[in-house]
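To keep things clear, I will list the structure first and then write my remarks on it.
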Amino acid sequence: QDESGVSSRPLFVAFALTLFVLNLLYLGRGEGERSAMYMLPFVVIPAAHLLHEICARAGSIRPAVVVFVFLAIQSWAIESCLYTYW
């Protein structure tokens with residue numbers, strides 16, 4: 001439950017079911033890139049919600065800063081090692 005007393009479980013179940021259905025629809029037709037494009041919000045939004053809850057419990061933005069630094073380093077490492085610059 002979050003600070004308003006509302007459970008997040010139904011939200012995550014709805015996201016998981018929608019993600020599953022979209023994944024089957026697009027991967028079944030062999031469109032992996034399009035599937036990945038449409039699936040991204042269903043991964044990012046619940047992760048952002050969870051990060052918000054963690055920051056609220058911690059009373060600081062330190063968890064968000066740690067996640068941002070990790071994602072920046074991860075992006076830099078992947079682009080450097082796999083030469084995926086645009």
Looking only at heavy atoms, which two atoms of Pro41 and Pro46 are closest? And how far apart?
O-CD, 3.8 Å

Same cluster or not: Val66 versus Ile73, using hydrophobic residues (I, L, V, M, F, W, Y) connected whenever any side-chain heavy atoms lie under 4.5 Å apart?
no

Roughly how far, to the nearest 0.5 Å, is CH2 of Trp76 from SG of Cys81?
7.5 Å

If hydrophobic clusters are built from ILVMFWY residues whose side chains come within less than 4.5 Å, do Val69 and Leu51 share one?
no

Within this structure, what is the CG-SG distance for the pair Leu50 and Cys55, rounded to the nearest 0.5 Å?
9.5 Å

Please check if the number of heavy atoms outside Ile61 that lie under 6.0 Å from its CD1 is greater than 12.
no

